[in-house]
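Proteins come first, then strands; the chains are lettered A, B, ... in the order of their sequence lines, and each starts at number 1.
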There are 2 protein chains.
Amino acid sequence: MPDSNTCLTPRLRLKAGDTIALGPGKAQLLELIQQHRSISAAARAMKMSYRRAWLLVDTMNTCFENPLVLTATGGNQGGGAELSDEGLKVLALYRQYENAVSERPELTELASLLSKNT
Amino acid sequence: MPDSNTCLTPRLRLKAGDTIALGPGKAQLLELIQQHRSISAAARAMKMSYRRAWLLVDTMNTCFENPLVLTATGGNQGGGAELSDEGLKVLALYRQYENAVSERPELTELASLLSKNT
DNA sequence: TCTCCTTATATCCGTATGTATATAGCGGTA
DNA sequence: TACCGCTATATACATACGGATATAAGGAGA
């Protein structure tokens with residue numbers, strides 16, 4: 001038997017008021033923006049429309065005191081984007097949080113109660 | 001100043017495969033079902049359609065090895081519902097999990113970076 | 001100055017999700 | 001035996017979310 005039968009994966013989203021400030025999708029987007037130095041390239045990598053990616057970035061930037069993503073327009077590459085110091089910090093904290101959350105004993109106990117055919 | 005400015009509330013959903021086995025809504029539904037001993041009363045309390053409540057119960061019952069909600073039809077009250085032992089256990093574990101997760105230091109640190117006008 | 005690729009933004013449309021509504025069946029109790 | 005209120009289920013409809021598309025603007029470099 002390989003291993004991963006009856007597995008529970010926690011998904012964590014942080015709500016500020018009634019808008020989701022951060023979640024799995026936004027975190028991955030941040031990561032890809034930093035990798036590609038571009039919102040549109042990150043969107044393509046996630047097979048997500050640029051519109052959606054831009055909206056996600058926009059809500060993150062307005063949710064937090066300082067923008068997480070810094071953008072520039074123009075230039076020979078048309079512009080680009082990268083994470084601000086605060087963006088890097090937020091991403092790191094979220095990943096750290098995710099790790100802590102996914103290692104709790106309640107998870108494995110809940111997983112043991114799952115049905116086999118998943 | 002009262003208190004709760006710049007507050008982050010974590011929302012935790014547990015995915016089994018690609019279906020959400022448990023989340024904030026389903027947990028609250030379980031709680032209300034146990035309180036009212038009725039799916040429809042619980043749905044009304046959450047201002048949710050009976051159909052939706054029933055679908056949530058159905059996915060929970062099929063996600064887990066044993067049903068979390070036991071139902072009965074007929075009788076002078078028309079029937080009713082209550083949590084199984086496994087349902088009670090799952091709910092308790094989820095609440096415990098929630099508590100642990102909402103007390104992590106990363107949360108308060110992230111919250112301190114939020115914008116004021118939320 | 002022209003080109004290029006990106007950010008930024010608006011409009012339109014399809015799909016998917018949930019609500020509303022209707023109906024059948026069940027089985028204690030009066 | 002008739003009633004009642006619930007579970008269980010189907011169908012039709014509204015609405016919201018995301019994708020596709022179009023367009024403007026920006027600015028470094030050739």
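Taking atom CG of B/Asn76 as the reference point, atom P of C/dT29 lies 6 Å away to the nearest angstrom. Atom-to-atom, NZ of B/Lys47 to P of C/dT19 comes out at 13 Å; the value is rounded to the nearest Å. A straight line from CE of A/Met48 to C1' of D/dC17 spans 13 Å, rounded to a whole angstrom. In this structure, A/Ile33 atom CD1 and C/dT6 atom P are separated by 13 Å, rounded to whole Å. Rounded to whole Å, atom P of D/dC6 lies 11 Å from atom CD1 of B/Ile39. Atoms CD (A/Gln77) and P (C/dT3) sit 17 Å apart, rounded to a whole Å. Rounded to an integer number of Å, the gap from A/Leu55 CG to C/dT11 C1' is 14 Å. For the pair A/Ile20 CD1 and D/dC17 P, the computed distance is 11 Å after rounding to whole Å.
Each of A/Gly78 and A/Ser49 has a nearest nucleotide on DNA chain D; the 5'-most of these lies closest to A/Ser49. Of the two residues contacting DNA chain C, namely A/Val57 and A/Gly75, the nearest-nucleotide position lying further toward the 5' end is that of A/Gly75. Toward the 5' end of DNA chain D, the nearer of the two residues A/Arg52 and A/Gly79, judged by each one's closest nucleotide, is A/Arg52.
Dashed line: the shortest gap from a side-chain N or O of A/Ser40 to OP1 or OP2 of C/dT7 is under 4.0 Å. Distances shorter than 4.0 Å separate some side-chain N or O of B/Thr71 from OP1 or OP2 on D/dA8. At C/dT7, one or more side-chain N or O atoms of A/Ser38 fall inside 4.0 Å of OP1 or OP2 (strictly under the cut-off).
Side-chain contact between B/Leu110 and A/Val90 is present, with at least one heavy-atom pair separated by less than 4.5 Å. In this structure, the side chains of B/Leu14 and A/Thr9 stay at 4.5 Å or more apart for every pair of heavy atoms.
No contact: A/Ala41 has no heavy atom under 4.0 Å from any strand.
A donor-acceptor contact under 3.5 angstrom links the side-chain atoms of A/Arg51 to the base of D/dG19.
Among D/dG5, C/dT9, C/dG25, the nucleotide with an atom closest to any side-chain atom of A/Trp54 is C/dT9.
Taking hydrophobic clusters as Ile, Leu, Val, Met, Phe, Trp and Tyr residues chained together by side-chain heavy-atom distances below 4.5 Å, A/Leu107 shares a cluster with B/Met60.
Screening B/Leu91, B/Leu88, B/Asn61 for a side-chain contact (heavy atoms from CB on, under 4.5 Å) with B/Leu68, the sole residue that qualifies is B/Asn61.
With a 6.0 Å radius and a threshold of 12 heavy atoms from other residues, nucleotides or ligands, B/Lys89 has its NZ atom at or below the threshold.
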